[in-house]
Amino acid sequence: MNRDLCVKMEEGILNIRVGAIIMKEDKFLMVENDRFDHMYSVGGRIKFGETAEEAVVREVYEETGVRMEVDRLGFIHENFFPGDTLVKQGNIVHEISFFYYMNVPTDFEPVCNSFTEDGNKEHLVWIRADHPKKYYPEFFKTELARPVREVKHFVTKDV
């Protein structure tokens, strides 16, 4: 039984996910794989019955091998985009994401053993906000350069 909060609807797909903001000095951790020409945040779907905070702790552990605690909620992102994985192709995705700043241990050395839902091996990459390769969410470019304490809400419509 699939417990992920990813629901096929008549109009498309509703996806509810979490993302981790893992920062060290002026860099933050992103994920890439061989299929996409862009990077994306550490994180994934919330499972039914799981809180967003529980989900981000689980996802960080699954993708980095390290258990971290949540510092605070940073962003809520409503995102509308064409599906880009084999499971989602041909569908419009309405995604609601909760991005959490994580308490990063000083000796943090991530080890990535995760795969995409299509089976592509994922790789972790430390980047700065001005990294030339495209990454999502795009608001990380400006927002992570100068983090603030309040929660910010973004809406992106790429359809």
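Along the sequence shown, the residues carry numbers beginning at 1. Just so you know, these numbers come straight off a predicted model, no measurement behind them.
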Pairwise distance OG(Ser41) to CD1(Ile22) - rounded to 0.5 angstrom = 9.0 Å
Please report the shortest heavy-atom distance between Trp126 and Pro110, naming the atom on each side.
-> NE1-CG, 4.5 Å
Do the non-hydrogen side-chain atoms of Asn15 and Leu5 ever get within less than 4.5 Å of each other?
-> no
Looking only at heavy atoms, the pair that brings Arg17 and Gly43 closest together is NH2-C, 3.4 Å
With a 4.5 Å heavy-atom cut-off, do His77 and Ile96 have their side chains touching?
-> no
Between the CE atom in Met39 and the NE2 atom in His123, the distance rounded to the nearest 0.5 Å is 12.5 Å
Test side-chain hydrogen bond (donor to acceptor under 3.5 Å, both in side chains) applied to Ser114 and Glu63, Glu122, Glu59, Lys121, the passing residue = Glu122
Stepwise, does the side-chain contact (heavy atoms from CB on, under 4.5 Å) test hold for Asn33 with Phe115?
-> CA-CA 8 Å; Asn33 67 63; Phe115 293 83; over 6 Å; no
Lys27 NZ to Leu144 CG distance, which is reported to the nearest 0.5 Å | 15.0 Å
Say whether, by atom type as modelled, one donor and one acceptor occur between the side chain of Asp4 and the main chain of Cys6 under 3.5 angstrom.
-> no
Are Ile16 and Ile76 connected in a single hydrophobic cluster, I mean Ile/Leu/Val/Met/Phe/Trp/Tyr linked by side-chain heavy atoms less than 4.5 Å apart?
-> yes
Within one Ile-Leu-Val-Met-Phe-Trp-Tyr cluster: Val18 and Tyr61, side-chain cutoff 4.5 Å | no
Close side-chain approach of Val125 and Val31, heavy atoms under 4.5 Å | no
Whether over 12 other heavy atoms sit under 6.0 Å from Glu69 CD | no
Given the rule in the side-chain hydrogen bond (donor to acceptor under 3.5 Å, both in side chains) test, do Tyr136 and Asn79 qualify, once you have shown the distances and angles that lead to the verdict?
-> CA-CA 11 Å; Tyr136 295 102; Asn79 193 9; over 6 Å; no
Would you say Ile127 and Phe28 make side-chain contact, with heavy atoms under 4.5 Å?
-> yes
Should the heavy atoms of other residues, nucleotides or ligands under 6.0 Å from CD of Glu25 be counted, would the total exceed 12?
-> no
Ignoring hydrogens and angles, state whether a donor on the side chain of Asn91 or Lys8 is under 3.5 Å from an acceptor on the partner side chain.
-> yes
Test item: side-chain donor near acceptor, Glu32 and His38, under 3.5 Å | no
Non-hydrogen side-chain atoms of Val42 and Leu124 separated by less than 4.5 Å | yes
Please test Arg58 against Glu54 for salt bridge (Lys or Arg N to Asp or Glu O under 4.0 Å), starting from the C-alpha separation and ending with a verdict.
-> CA-CA 6 Å; Arg58 175 184 50 77; Glu54 290 167 342; over 6 Å; no
Beyond-backbone contact of Met30 with Phe140, side-chain heavy atoms, under 4.5 angstrom | yes
Which of parallel (below 30°), tilted (30 to 60°) and perpendicular (above 60°) describes Phe154 and Phe139?
-> parallel
Stepwise side-chain contact (heavy atoms from CB on, under 4.5 Å) check, Arg72 with Tyr100 = CA-CA 6 Å; Arg72 69 187 187 280; Tyr100 288 91; over 6 Å; no
Heavy atoms only: give me the nearest Met23-Tyr101 pair and the separation to one decimal.
-> SD-CE2, 4.0 Å
Compute both the distance and the angle, then confirm whether Lys152 meets the cation-pi test with Phe75: under 6.0 Å from the six-membered ring centre, within 45 degrees of the axis.
-> no
Is it true that the NZ or CZ of Arg3 lies under 6.0 Å from the centre of Phe48's six-membered ring and within 45 degrees of the ring axis?
-> no
Does the side chain of Met102 reach to within under 4.5 Å of the side chain of Ile21, using non-hydrogen atoms?
-> no
Joint cluster assignment, Ile92 & Val155, ILVMFWY side-chain distance < 4.5 Å | yes
Pairwise side-chain contact, Thr156 with Glu138, heavy-atom cut-off 4.5 Å (strictly under) = no
Hey, quick one: are Tyr40 and Ile46 part of the same hydrophobic cluster, counting side-chain heavy atoms closer than 4.5 Å, chains of contacts allowed?
-> yes
